[in-house]
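Report on one structure; see the data block that follows.
Any value given below was found using the heavy atoms of this structure, including those in side chains, with hydrogens, waters and symmetry copies removed. Remember, it's 1-based here, ligands and their atoms both numbered in the order they're listed.
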Amino acid sequence: MPSIAYFGPRGTFSEQAALVHAAPTDSLVPMDTVPRALAAVRAGDADLACVPVENSVEGAVSATMDALAVDDPLVAVAEVVLPVRFSVLVRPGVSAEDVRTVASHPHALAQVQGWLARHLPAATQTAATSTAGAAVGVGDGTWDAAITAPVAANHYPLDVLATDVADVDGAMTRFLVLRRPGALPERTGFDRTSLVMIASAERTGVLAELLTELALRGINLSRIESRPQKGRLGRYRFYLDFDGHVAEQRVGDALAALHRRCEHVRFLGSYPKAERASSASAAALGNSDQDYTQANRWVTAVRNGETG
Ligand SMILES: O=C(O)C(=O)C[C@]1(C(=O)O)C=C[C@@H](O)C=C1
């Protein structure tokens, strides 16, 4: 029975994302931080981890980005995208006038600043480990209100002060399902590849050169993020998401080029995109597997003196 460690406790958006991916027989294991969910997989205590990676309003989830770049490698096998609208939970009997403190995951607080200014302007805001962690804190009296995923109301004996809270309509969070390196998910034609690379900081124009390796092969870059390497200013890791699967010749070729030209490249997975219909990653003219095979055959023939 496969187990999925998720960024918990029970009632987080990450649990919802894990449930979208899980088979009915999978067991879900809450971990109280993203690094701990990933560590459980690295240690073999869980088969998969489900963690948030980016939000359409607040951007990258840095705990996830940082934890994926170090320690034993993990690879994504799936992504889940969830719409994000929040509920506000309080202890039974507490009304808006009684709320002096409100807590949530920093990403969640950032997404409801407008609502808080209108409805709980006097409340002090505090960062909690997660949205559901804030609900636990409300239950034990640490805070008066928690900004949570709607499902948290089913897990904690709290009252719902407000629902459908979101400053930005259509906000979404993307989650990755990760495991220890092994057989890759099948190529579907609607895939995304993720990696993190360290480029030589000394070379002028190196990032432009590296991105050109993708552009030349007709590979669509869908996201680029940088995070500090820590310890020294001016040293960064670059995280790339692009269309295509490493099983495709053009993607394998681009990865090989990045590997040749970077100080370090870590492959973070090739996996089906959550939204398939709108995101076909068809190879541009001259970049299909067939084009590569024919061109390689021609080079071999030239080397063998068989053609001019
Ligand atoms: O705390 C949770 O519920 C999470 O799953 C984390 C997280 C995030 O990191 O962005 C997920 C979605 C929301 O945007 C707010 C918090």
Next item on the list: Check ligand 1 against S14 and write out every atom of the ligand that is under 4.0 Å from a heavy-atom position of the residue.
Entry: 4 (C), 5 (O)
Check: Where's the contact between T131 and ligand 1, heavy-atom distance under 4.0 Å: side chain, backbone, both or neither?
Finding: both
Notebook entry, point to check: Do side-chain atoms of S270 reach the backbone of H245 as a donor and acceptor pair under 3.5 angstrom?
Noted result: no
Margin query: Using a plain distance cutoff, I'd like to know if V61 has any nitrogen or oxygen under 3.5 Å from a nitrogen or oxygen of ligand 1.
Written below: no
Next item on the list: May I ask you to identify, for T12, whether its side chain, its backbone, both or neither come under 4.0 Å of ligand 1 on a heavy-atom basis?
Entry: both
Checklist line | Side-chain donor/acceptor of D167 to backbone N/O of Q113, under 3.5 Å | finding: yes
Margin query: Given Y271, which partner from the list L176, V177, T188, V75 fulfils the side-chain contact (heavy atoms from CB on, under 4.5 Å) test?
Written below: L176
Notebook entry, point to check: S130 to ligand 1: N or O pair under 3.5 Å?
Noted result: no
Notebook entry, point to check: Which residue, R223, K273, R192, forms the salt bridge (charged side-chain N to carboxylate O under 4.0 Å, His left out) with E79?
Noted result: R192
Notebook entry, point to check: atom 6 (C) of ligand 1: which protein heavy atom is closest, and how many Å away?
Noted result: F7 CE2, 3.7 Å
Check: Counting each atom of ligand 1 from 1 as listed, which ones have a heavy atom of N55 under 4.0 Å away?
Finding: 14 (O)
Next item on the list: Determine whether S62 and R227 make a side-chain contact, defined as any pair of heavy atoms from C-beta on separated by less than 4.5 Å.
Entry: yes
Notebook entry, point to check: Is there a donor in the side chain of E97 and an acceptor in the side chain of S95, or the other way round, less than 3.5 Å apart?
Noted result: yes
Check: Does the side-chain contact (heavy atoms from CB on, under 4.5 Å) test come out yes or no for L211 and L221, once each step is laid out?
Finding: CA-CA 8 Å; L211 297 182; L221 181 71; 4.1 Å; yes
Notebook entry, point to check: Where is the nearest protein heavy atom to atom 12 (C) of ligand 1: which residue, which atom, and how far?
Noted result: T173 OG1, 3.4 Å
Next item on the list: Could you check which of H107, H105, R174 puts a non-hydrogen atom nearest to atom 10 (O) of ligand 1?
Entry: H107
Item checked: Geometric class of the H107/H105 ring pair [parallel <30°, tilted 30-60°, perpendicular >60°] -> perpendicular
Notebook entry, point to check: Can you tell me if Q16 has a non-hydrogen atom under 4.0 Å from ligand 1?
Noted result: no
Margin query: Does only the side chain of Q111 get under 4.0 Å from ligand 1, or the backbone, or both, or neither? Count heavy atoms.
Written below: side chain
